[in-house]
Amino acid sequence: MKQLYFDNAATTMLHPDALAAMMPYLTDQFGNPSGVYEHARTARKAVEEARARIAEAINAKPEEIVFTGSGTEADNWAIKGAAQARGLKHIITSAIEHHAVLHSCQYLEKHGFDVTYLPVDKEGFIRPEAVEEALRPDTALVTIMLANNEMGAIQPLAAIGEITRRRGVWLHTDAVQAVGHIPVDVQAMQVDMLSLSAHKFYGPKGVGALYVRGGVGLKPFIHGGAQEDKRRAGTENVAGIVGAGTAIAVTSGEIPTESVRLTSLRDKLIDSIEKNIPLAHLNGPRKNRLPGNVSFSFDFVENGSLLHLLDMEACCASGGSACSSGSPEPSHVLTALGVPVERAHGTLRLSMGRHTTEADVDAVLALLPPMVGQLRAKSPLYGDYLEGDLHD
Ligand code: PLP
C-alpha cells in the first residue's frame, strides 16, 4: 500500500541532496568548527556556507543569522530576549500563534509582563490597524506569525512591519511554516527578528535559526562557549546546519513552481470536499493561504476516529497541529476562529508538500466521503440531526 503523506506541516522528508551534503560531516569530516586546524576549518566553512544560503533565502545578511536547536528555541529567544533587552513591560501577539510563542508569552506574564493577544477575523487574519491600536508607550515587542500551521492563513506582515518600524517597536515573526514554501523577505516585511526551522523545508530536525537584524541588541539566551559569534553557545550541529543550508537552497528555487502546483492541488481538495461531503466547513481563508494547507471541520465526526480510519489506509494526516494531537481541548486556533467546540473536534488538516501528487490527492478524495459517512452513521447526534431534531 502506498503511503499517502498529508502531514507536511508537522514535518517534511529530508531532501536527498541535504542528506548527501550532510554525510561527510557525520563521518570523516567530524571536526569541531571552533578548532584551529584544517580539519576544523572545513567544518567552519561548511557552517558559514549554510548561513549564507539561509540569509540569501530571506534577503538577510549572513551575520544576521544565528543557528539554534529548533524553531521553538528561536521563538523563545526572540520573545524572552526582547522582553529582557528592552526594559519595557508590554508585548503584543495574536491568539493563533504556535505554542512556542504563546507559552513564552504566558511565561513572561507570570514574570510581570503584560501581554495583548490580538483576535483574528473569521478567516484567521489579524488586522494591522489592531496592532497599531494595541501599541503602548511600554510595548517592547510585537510578535505575529507569518503563516499559521493549522489553517494556513498568511498574515499581512509587511503592513504590520510598516507600523512597528514607524513606531520604533521591535517586530518578530514566527515564519516556521512559511520559509521554503512562500517568498519571505525580511526587508520587505521590515521585521527585526524571524524564526525558521529546517525540518519544515526538507532539512533535518533539530536545526532552527533566528534572524536578528543588524543593530537589534538581542542578548544571548543560551550561555556557555563563544559559538555563533558569542550569541548562541553550544557546539554547532554541523551536519544539521549543512543539511538546512542545502534544503533551503533547493526549496527556495522551487517556490515559484511548487507554490503554483500545490495551490492547484489545495484548491482541488477544498472544492471537492465541499462538493462531496455535506456539513464540511473550511477553516481559514480561501486566498492568502499556504499553498499546501487544507483544514476542514466535519460536523458529527470525531477526528480521532477519522485519523484512525485514514491510518488504516496508510494515510498520514493530523487533527490540527502535531503538537496538540491527542489533547482533549479544542485547538486555540480554531477557538479563535469562532469554530464551536463540537465542530472543532471533527477537524482534519491535510498538509501537502513536494512529494504530493495529484494521484495522492485523488486517493484521499476517494477515501474521505465514505469514511465520514461511516462515522456519521454511528453518531446518535447525526441520527437526531437527520430526523430534524437539531433543525430548530
Ligand atoms: N512555529 C510554528 C508555526 C510551527 O509550526 C512549529 C512546528 O510545528 C514551530 C514553531 C516549532 O518548530 P520546531 O519543531 O523546530 O521546534
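In each ligand, atom 1 is the first atom listed, and ligand 1 is the first ligand listed.
Every atom of ligand 1 with a heavy atom of Asp75 under 4.0 Å away is listed here by number and element: 1 (N), 10 (C). Atoms of ligand 1 lying under 4.0 Å from any heavy atom of Thr72, numbered from 1 in the order shown and given with element: 11 (C), 12 (O), 13 (P), 16 (O). Per-residue contacts place Ser70 under 4.0 angstrom from the following atoms of ligand 1 (heavy atoms of the residue considered): 15 (O), 16 (O). Interface atoms of ligand 1 facing Gln177, defined by a heavy-atom separation under 4.0 Å, are 3 (C), 4 (C), 5 (O). Applying the 4.0 Å criterion to heavy atoms of Ser197 picks out, from ligand 1, the atoms 13 (P), 15 (O). Numbered from 1 in the order shown, with element, the atoms of ligand 1 that lie under 4.0 Å from a heavy atom of Met145 read 3 (C).
One finds no salt bridge joining Arg53 and Glu56 here, because no Lys/Arg side-chain nitrogen approaches an Asp/Glu carboxylate oxygen to under 4.0 Å. A salt bridge is defined here as a Lys NZ or Arg NE, NH1 or NH2 lying under 4.0 Å from an Asp or Glu carboxylate O, and Asp7 with Arg349 meets this definition. Salt bridge absent: Arg286 and Glu123 never bring a charged side-chain N and a carboxylate O closer than 4.0 Å.
Remark: side-chain polar atoms of Thr139 are not paired, donor with acceptor, to backbone N or O of Ile91 under 3.5 angstrom. The backbone N or O of Ile65 sits less than 3.5 Å from a side-chain atom of Arg51, completing a donor-acceptor pair.
In Lys200, the part holding a heavy atom less than 4.0 Å from any atom of ligand 1 is the side chain. No part of Val101 comes within 4.0 Å of ligand 1, judged by heavy-atom distances. At a 4.0 Å heavy-atom cut-off, ligand 1 touches Asn149 through the side chain alone.
Checked against the 6.0 Å centroid criterion, the rings of Tyr107 and His103 do not qualify as a close aromatic pair. Aromatic rings from Phe201 and His15 are positioned such that their centres are separated by 6.0 Å or more.
A heavy-atom separation below 4.0 Å is not found between Glu97 and ligand 1. Contact between His199 and ligand 1 is present, with at least one heavy atom of the residue lying under 4.0 Å from the ligand.
In this structure, the side chains of Leu218 and Trp170 come closer than 4.5 Å at one or more pairs of heavy atoms.
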